[in-house]
Protein chains: 2
Amino acid sequence: MAKSEKISEAVVRRLPIYLRYLSYLQQVGVTTVSSQQMGKNLDINPAQIRKDLAAFGDFGKKGIGYDVNYLVEKIRQILKLDQEIRVALVGAGHLGHAISNYNAFLKDQIRIAAIFDSDPAKQGKQIAGITIQPLEELKETVKERHIRLAIITVPAAAAQSVADLLIEAGIEGILNFAPTTIRTEKEVRIHYADVTSSLQSLAYYLT
Amino acid sequence: MAKSEKISEAVVRRLPIYLRYLSYLQQVGVTTVSSQQMGKNLDINPAQIRKDLAAFGDFGKKGIGYDVNYLVEKIRQILKLDQEIRVALVGAGHLGHAISNYNAFLKDQIRIAAIFDSDPAKQGKQIAGITIQPLEELKETVKERHIRLAIITVPAAAAQSVADLLIEAGIEGILNFAPTTIRTEKEVRIHYADVTSSLQSLAYYLT
DNA sequence: TAGATTGTTAATCGATTAACAATC
DNA sequence: TAGATTGTTAATCGATTAACAATC
């Protein structure tokens with residue numbers, strides 16, 4: 001009896017955490033879970049978990065808890081992981097290699113469908129079975145292969161122009177590993193995953 | 001005339017972003033910057049930038065703005081980047097390799113000082129000039145080399161036990177790339193950098 | 001001086017948490 | 001039924017933004 005409020009970013013960031021724990025419960029054969037048990041394991045307030053989930057529907061049963069399989073299915077739907085999502089990766093350096101070979105997405109239907117690099121020496125070579133292409137082919141390939149998300153693993157100096165190219169090609173969301181802020185007027189979602197910033201903010205808490 | 005309020009996590013997360021932009025200004029020879037200019041470039045409200053900085057001291061000049069060099073120095077101090085910070089990396093897989101070879105930290109005095117992996121086939125080999133050691137040597141090495149932070153790039157199943165080991169060794173902060181929540185009762189700061197979660201939450205915003 | 005911009009207060013906005021009726 | 005746990009409201013807490021006096 002919930003729904004139709006505006007969903008905050010904080011909630012959306014927690015959904016993958018819930019999904020991850022629920023998938024684990026599936027693996028170990030647990031069929032029902034309470035918000036209390038989830039909260040204890042994930043270090044999140046149980047009331048928050050209930051509120052987060054209730055924003056999307058009445059997924060639980062009073063007095064019982066949540067059916068694990070059902071909740072996994074629902075969260076996958078909410079996150080649009082019930083369809084294959086194709087991702088372009090730009091920047092075939094060390095980090096690009098690592099991510100391309102990281103197949104943990106696969107069970108979520110997230111698939112790296114194209115890899116680009118501006119270095120001619122890398123073009124034509126393969127990573128994880130995907131041929132590295134020049135940036136000139138990006139726009140066409142993105143459209144042909146119905147690629148909707150992108151991962152940027154190029155140096156900071158190149159990130160903005162790569163992002164512009166991706167956005168022009170119609171990409172809807174970008175995960176940016178380059179240590180730089182990306183600016184755009186278009187309606188594109190940009191998430192940041194900068195190792196340096198994460199480490200630097202960690203350093204603040206040193207005693 | 002500020003100081004001595006409790007600094008929120010949100011502020012600490014923004015400081016590296018400020019630092020990054022200010023370093024860029026240094027490179028291109030800009031000596032003074034206003035909160036307005038910073039805000040425009042970083043997509044952050046100027047009032048927020050002023051408030052963030054004012055929490056640590058009066059770094060600006062009314063009518064003028066902030067001296068870039070001075071502000072860089074101050075933020076480095078706040079983030080404790082004015083001293084060398086040694087980091088241990090656990091997990092010498094693709095991602096561990098990529099991070100070890102990523103030398104963008106170096107100018108911030110963040111240095112990977114030891115690498116560990118449980119795989120005997122990797123032990124003894126070198127990455128970026130550092131010899132991979134078995135986990136059995138972790139505790140001793142962390143103490144010997146005065147290592148204070150750690151990066152976890154092991155599979156999810158091993159992350160908790162690795163974290164326990166690190167915490168026992170006296171590590172003060174952990175950047176965890178493994179897709180799992182780490183639990184601890186100790187006073188240890190844990191930051192998360194999980195690619196899968198980031199991509200999954202990005203998928204939510206697909207239209 | 002006039003214009004610009006800080007530091008800071010007050011107002012707003014949003015997110016988290018506690019509490020509890022509903023109900024399995 | 002008794003115990004457990006949800007969904008939801010209200011209370012709290014915290015973070016962001018607007019506005020402006022101080023002042024370079």
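We name chains A, B, ... by the order of the sequence lines, and we start the count at 1 in each one.
Residue B:Lys62 places its side chain closer to C:dG7 than to any other of D:dA18, D:dT16, C:dG7. The listed nucleotides are D:dT6, D:dT16, C:dG7; the one nearest the side chain of B:Ala10 is D:dT16. The side chain of A:Ser8 has C:dA15 as its nearest neighbour among D:dT6, D:dC20, C:dA15. Which of C:dC24, C:dT8, D:dT16 sits closest to the side chain of B:Asp58 comes down to C:dT8.
Residues A:Ser201 and B:Arg13 have side chains that never bring a donor and an acceptor to within less than 3.5 angstrom of each other. With no hydrogens or angles considered, no side-chain donor-acceptor pair links A:Arg76 and A:Gln109 at under 3.5 Å. A side-chain donor from one of A:Gln160 and A:Asp164 sits under 3.5 Å from a side-chain acceptor of the other. A donor atom on one side chain and an acceptor atom on the other are not found under 3.5 Å apart for A:His146 and A:Arg148.
Distance CZ (A:Arg14) to C1' (C:dG14): 12 Å, rounded to an integer number of Å. Following rounding to the nearest Å, A:Leu53 (CG) and D:dT6 (C1') show an atom-to-atom distance of 11 Å. Between the NZ atom of A:Lys51 and the C1' atom of D:dT12 there is a distance of 13 Å, rounded to whole Å. Per the geometry, CD1 belonging to A:Ile64 stands 10 Å off P belonging to D:dT6, to the nearest Å. When rounded to the nearest whole Å, the span between CD of B:Glu9 and P of D:dT16 equals 12 Å. If you take CD of A:Gln36 and P of D:dT6, they are 8 Å apart, rounded to a whole angstrom. Nucleotide C:dT5 holds its P atom 15 Å from the CG atom of B:Asn45, rounded to whole Å. Look at CD1 on A:Ile49: it is 13 Å from C1' on D:dT5, rounded to the nearest Å.
Within a 6.0 Å sphere centred on CD of B:Gln36, other residues, nucleotides and ligands contribute 12 heavy atoms or fewer.
By the 6.0 Å and 45° rule, B:Lys80 stacks over the aromatic ring of A:Tyr204.
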- Message: As a check on the pairing definition, encode DNA chain D in dot-bracket form, counting Watson-Crick and G-U wobble pairs whose two distances are under 3.5 Å, and using | for partners outside this strand.
- Response: ..||||||||||||||||||||||

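For the pair B:Phe56 and B:Ile7, the minimum side-chain heavy-atom distance is below 4.5 Å.
Contact annotation: B:Ser35 does not reach the phosphate of C:dT5 (side-chain N/O to OP1 or OP2, under 4.0 Å). Contact check, A:Tyr66 against C:dC24: no side-chain N or O comes under 4.0 Å of OP1 or OP2.
Both A:Arg50 and A:Lys61 sit near DNA chain C, but only A:Arg50 has its closest nucleotide nearer the 5' end.
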